[in-house]
Amino acid sequence: MTQPSDTFDSALPPEPLGDDLRSQFALDQQVAFLNHGSFGARPHCVLQAQDRWRRQMEADPVEFLDRAGPLLLDHLKDVTGRFLGAEPGDFGFLTSATEAINAVLRSLDFGPGDELLTTDHAYPGIRNSLQYVARRSGATLVEVPVPLPLASHDTVVAAIEEALTPRTRLVLVDHITSFTALLFPLERIIDVCRKRGVEVLADGAHAPGMIDLSVERLAATYYAANLHKWVCAPISAAVLWVTSDNQQRIHPLVISNFLGEGFEREFLWQATRDVTSWLAAEEAIAFGERLGWEMIRRHNHEMAVWVQQMLCESWQAEPNSPLDGSMLGSMVSITLPEAVRRQFDDHRALGAHLYQAHRIEVPVTEWNGRWLIRPCCHIYNRPEEYLRLAETINELMH
Ligand SMILES: Cc1ncc(COP(=O)(O)O)c(C=O)c1O
């Protein structure tokens, strides 16, 4: 994880990484866009790269998809593999982390008595995927509570360890959780599961671009990740990494021309698809390299740590995780005070109000009875936008 720099003072926001980085992104300049976490956001150069690829594809679809495509994707695998810390042969491209996780879950055979384990921080779509697979196979989905506020990573490891039984077949664990925006101690969880002979499917939807990642070193059994969130690649860019021992068992959701020809070939061609979002991921990686990925991660993390402290003070809210940021990446969840909740029928109405009346785009969710607001921090965000959020919520309370 990116640690705050020595000079970092969490009472102050970090210095911007450049002048007017916002104008390099396609985002509406009028909106305080504090929701990078849902679908990412893209710099113009990435969209232009995708346009160029699309024009090449449309100029000669057969040459592009049949002959040039596999070579282009091979090159992209080298680039992406270096970025993710993974051998090119051990991952395939997909359209979303959800698709990647479904490919694993639907490839494996579970039966009555088997337990699939996750925590109550799992993303709803992923919980549904687990539930679906469990129901069809007669297995049981066990959802481990990890209550807020969290004082340290130890609680997360202990909760999962205590819930393992001889029947546990698979643990699905978030690397960075969705609604609660917490960095989970994945390496320690993998270690605990490995000792018990249990496979780990890691949901790394938010990890690439947010934290310093080496997928191979972590060595979960399966690792699913998005490039379209924190790497700023075009929408529909994700990867699935699988340990070499398990690659033969895992197939794409779309069974197509190369079934039986090995993991890499099967994932390389999943019927006719628009591959331009993957190809333009190279420009997204290069965009970050021009600024320095380490600098980007540090800036975004320091902003999240400052935002947590500032908002908790401003709203008199108890932090959901330690104020030193040890459980944060580049986003933070704050539990909204009761006085705000009273003004709205449900959390969605508050989210819509913030957008429509105040031009602030920020996720507001309901999690275990709490209303959570989850500001995200990327290089185009400015401290004023979070101060505006603080003030707007304060005005709603009084
Ligand atoms: C932890 C987590 N997993 C999975 C997803 C789903 O991502 P996608 O729609 O790209 O599959 C999200 C989306 O925000 C998420 O936060």
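Sequential numbering from 1 along the given sequence is applied to the chain's residues.
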For the backbone of Gln30 and the side chain of Asp28, can you confirm whether one donor and one acceptor N or O come within less than 3.5 Å of each other?
yes
For the pair Arg169 (side chain) and Asp109 (backbone), establish whether a donor and an acceptor sit closer than 3.5 Å, ignoring hydrogens and angles.
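Present.
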Could you list the residues that satisfy ring-ring contact (aromatic ring centres under 6.0 Å, His included) with Trp53, not counting sequence neighbours?
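With sequence neighbours excluded, Trp53 shows a ring-ring contact (aromatic ring centres under 6.0 Å, His included) to no residue whatsoever.
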Looking at residues at least two apart in the chain, or sitting in another chain, which of them share a ring-ring contact (aromatic ring centres under 6.0 Å, His included) with Trp241?
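Here no residue qualifies.
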Would you call the rings of [X] and [Y] parallel, tilted or perpendicular if under 30° counts as parallel and over 60° as perpendicular?
| X | Y | answer |
| --- | --- | --- |
| Phe33 | Tyr380 | tilted |
| His378 | Trp230 | parallel |
| Phe344 | His353 | tilted |

Nearest 0.5 Å please: distance from the CD atom of Glu289 over to the CD1 atom of Ile296.
9.5 Å
By the rule that ILVMFWY residues connect when side-chain heavy atoms come within less than 4.5 angstrom, directly or transitively, which residues belong alongside Leu201?
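Members other than Leu201 - counting any ILVMFWY side chain reachable under 4.5 Å - are Leu94, Ile101, Val104, Leu105, Leu108, Phe110, Leu116, Tyr123, Ile126, Leu130, Tyr132, Val133, Leu141, Leu170, Leu172, Tyr222, Leu240, Val242, Ile250, Phe263, Phe267.
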Which hydrophobic side chains are connected to Leu323, either touching it within the sub-4.5 Å cutoff or through other members that do?
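Hydrophobic cluster check, Leu323: no partners found.
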Listed by chain and number, what are the side-chain contact (heavy atoms from CB on, under 4.5 Å) partners of Thr221, not counting sequence neighbours?
Glu199, Val200, Thr243, Asn246
Expected list for residues 184-192: side-chain donor-acceptor pairs under 3.5 angstrom, two or more places apart:
| residue | atom | partner | partner atom | Å |
| --- | --- | --- | --- | --- |
| Arg188 | NH1 | Asp154 | OD1 | 2.9 |
| Arg188 | NH2 | Asp154 | OD1 | 3.1 |
| Asp191 | OD2 | Lys195 | NZ | 3.1 |

Would you say the ring centers of Phe25 and Phe287 fall short of 6.0 Å from each other?
yes
With a 6.0 Å cut-off on the ring centroids, do Trp367 and Phe179 count as close?
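No, the ring centres sit 6.0 Å or more apart.
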Taking Glu283 first and then Arg290, would you say they form a salt bridge - that is, a charged N and a carboxylate O separated by under 4.0 Å?
yes
Pairing of Glu385 and Arg388 as salt bridge, 4.0 angstrom limit
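The answer is no: the pair does not qualify as a salt bridge.
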Out of curiosity, does Ile235 fall in the hydrophobic cluster containing Met57 (side-chain heavy atoms, cut-off under 4.5 Å, transitive links)?
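Different hydrophobic clusters.
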